[in-house]
Amino acid sequence: MAIRIEDQNLLFHLQTDHTSYIFHVMENGELGQVYYGKRVHAKPSYDNLTTKEWHNAAAVWRQDHKDVQPQVLKQEYASLGKGDFRYPAYQVTQENGSRITEFKYESYKLVDGKQRLAGLPSSFDDNDDDAQTLTIALRDKLLGLVLHLNYTIFPHQDVIIRSAEFQNQGDEKLTLNAAASAQLDLPDSDYDFIQFSGAWARERHMIRTHLRSGVQSISSLRGTSSHQQNPFVMLARPNTDDANGSVFGFNLVYSGNFADQVQVDQYDASRMLVGINPEEFAWNLKPGEKFQTPEAVLSYTDQGMNQLSQQMGTFYQDHLVNQKFAHVERPTLINNWEATFMDFDEDKLLSFATTAKKLGLEMFVLDDGWFGHRNNDDSSLGDWFVNEPKFPSGFDTFANKIHELGLKFGLWFEPEMISIDSELYKAHPDWLINAPGRHASPERQQFVLDMTRPEVVDYLFDAMSKIIDLTKLDYIKWDMNRNITETYSSQLSAADQLEMPHRYILGVYQLYDRLVKAYPNVLFESCSSGGGRFDLGMMYYAPQAWTSDDTDAVERMLIQFGTSYGYPQAMMGAHVSAVPNDQVGRITSLKTRANVAYFGDFGYELDITKMSAEEQQQVKDQVAFYKAHRKLFQFGKFYRIDNPFENGGNVMSWEVVSDDKQHAIAGRYQILNRPNIGYLRLYVEGLDPDTKYTVNGGSEEFYGDELMNAGLFVSDILHETRGTDKSADFNSNLFVIDAVK
Ligand code: GLA
């Protein structure tokens, strides 16, 4: 499999193990999309697919080429204003105000491998996994503007990476008003648009809508990828589900304002655009300057959405996430946040850590409130030095005590923020983002630092480095608890203000990059009031993310199930917290809370010192169970079985299966119990049909084909709870499936 180029016809066929992506140079010198989908044979040309017929009421390219009508063509990276009329992939404004461009094909370059992008998180092929990169150079002669469209194939994960780079080789200043990372023109619109939407504490709920004429889009203007919309979307044929059917996946390696948009045109063709949100964006390109878009990830399968998630997830782990951690089992942890909030002292924390160690946990994470004079959320963000009254014997002494217990030590930071009540604000009030003459809008009593300023990035790098060195830190939870308002940088000229949202994120990436390079052994977990920046840009630096501030088991089922479409389970921080739950007040059993949290990077976030001996024993057993199956939980192939976003949502089940199919664990969760129900079965997936398995250590043996096709009997929970004080609601069961040796 490879990138095949038909030099004579200027046809480019990007072939992965199971997909083909084909485009060519059209008569007008622009690039035309030919096909993306299941792999087809390579041929010198696909005349049938590029046939043109003259349409009435459509502008033509030239009088002598009447059948070249931009609005009918399927294009690779469309312009505005030359007769296409759909939303364009990019837009450029000249000094004289003209917004018309005409890029013509010039040349191509094909190389093995994949280089990282400078200054942006991006994919790579460090382990020689047969990636190939094709760059197509196009030029607008009038402007002297060169456009590079970059395509990398990762053949074994069936992933194609796209990005664009604009180079101003002319002699006037140009402004980019839009610059998508990828465009895909599909010939029909019989697709469902599947998005992952929500709010704080309710992230990534699945919404599925059939495409219709006009534009359907999701986007963010918050300065982050956002809780409200995730950049991952799918286009699926209506009959596609987790196990079967044809589906495209799109994601963006970016953490700022983005837009994913599908436009269904008058001919029922669908144009997908993925990239930086063109709203609140403009980039000035002086002669000699370049602009590189973030990378878009495209993938396709005809084997259902489980397969799509698995192939994209494998790709992220192998070619996007920091390789130092990507395949390494993540530590179990205790985090003090929901147990103490900011009300703690050294003794309380040490008794926490001592108990955590006794129960088998591996890392102690000290959350918000350890710095400056922070005891509530009014103050101290930016003052990344220790809160001395809370640690009278010194922060290094405290950290040593944690390490001496045999635990790793982790700390919470919120680097991008500033409180008015802080030493940092006293010294640098102008570092706070605000627009001239306006008052800055607080959120959670806090404000945002201007990450476009190199001195801010330097300050944060130095302040954080000091703490990392002092405490010999093993882990950082990097939070970002508000969105950006009054977006303006005093460092930028009036004409450059629309560069601010992107430059902000570039500053964040720069700080991450410097810290990851300086401290390669520190594991980063990204967070943004839970899952407000759960995106691939962050994942490049931080191999895991706090999935949501909502730790209620029932809410988490939906959140983790939705998240699993776009991100593998090793990326999802998942903790057991106290009941009644802090976010929804619901009471669920310790068993169900753990049964949900096992399918991620497991930990606890409650006062374990206050638990009864019986509960502590239960925690100890849960930790031991998780550690015994950690590799499977974090890195096993993930299958969604019963979708809680469908069929009334009362039941959810999912499963992880080892690569060698010798082990699997399925979880089945029922929200409310129902009276007098019929017999239930769970149909597991991904096993070897010819291998015999046991379930939960029982003596009965089952062939894989039996478990997958005939299913497994699931007992009515009332048989367990009747006559006890246990509720039959919010019940869950795990099925540990092992091949018979
Ligand atoms: C955010 C995070 C929480 C916690 C608090 C601390 O809300 O998502 O997990 O760290 O901040 O202020």
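Order of appearance sets the numbers: ligands from 1, and atoms from 1 within every ligand. Along the sequence shown, residues carry numbers from 1.
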Do [X] and [Y] meet the criterion of a side-chain donor-acceptor pair at a distance under 3.5 Å?
X: Arg593; Y: Ser577; answer: no
X: Glu203; Y: Thr547; answer: no
X: Asp552; Y: Gln583; answer: no

(Q) Do the side chains of Glu416 and Arg533 get close enough for a salt bridge, i.e. N-O under 4.0 angstrom? (A)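 Salt bridge: yes.
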Q: Kindly say whether Trp412 contributes a backbone atom to a donor-acceptor pair with the side chain of Asp479 at under 3.5 angstrom?
A: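 No; judged by distance alone, with no hydrogens or angles, the pair does not exist.
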Q: Give a yes/no verdict on a cation-pi contact between Lys390 and Phe344, requiring under 6.0 Å between NZ or CZ and the six-membered ring centre and an angle within 45° of the axis.
A: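 Yes - Lys390 lies over the ring of Phe344, closer than 6.0 Å to its centre and within 45° of its axis.
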Check: every ligand 1 N/O to protein N/O pair under 3.5 Å:
residue  : atom   : partner : partner atom : Å
ligand 1 : 7 (O)  : Asn481  : OD1          : 3.4
ligand 1 : 7 (O)  : Asp549  : OD2          : 2.9
ligand 1 : 8 (O)  : Gly530  : N            : 2.9
ligand 1 : 8 (O)  : Asp549  : OD1          : 2.4
ligand 1 : 8 (O)  : Asp549  : OD2          : 3.2
ligand 1 : 9 (O)  : Lys477  : NZ           : 2.7
ligand 1 : 9 (O)  : Trp546  : NE1          : 3.4
ligand 1 : 9 (O)  : Asp549  : OD1          : 3.4
ligand 1 : 10 (O) : Asp367  : OD1          : 2.6
ligand 1 : 10 (O) : Asp367  : OD2          : 3.3
ligand 1 : 10 (O) : Trp412  : NE1          : 3.0
ligand 1 : 10 (O) : Lys477  : NZ           : 3.0
ligand 1 : 10 (O) : Asp479  : OD2          : 3.4
ligand 1 : 11 (O) : Asp479  : OD2          : 2.9
ligand 1 : 11 (O) : Asn481  : ND2          : 3.1
ligand 1 : 12 (O) : Asp368  : OD2          : 2.6
ligand 1 : 12 (O) : Arg444  : NH1          : 3.0
ligand 1 : 12 (O) : Arg444  : NH2          : 2.8

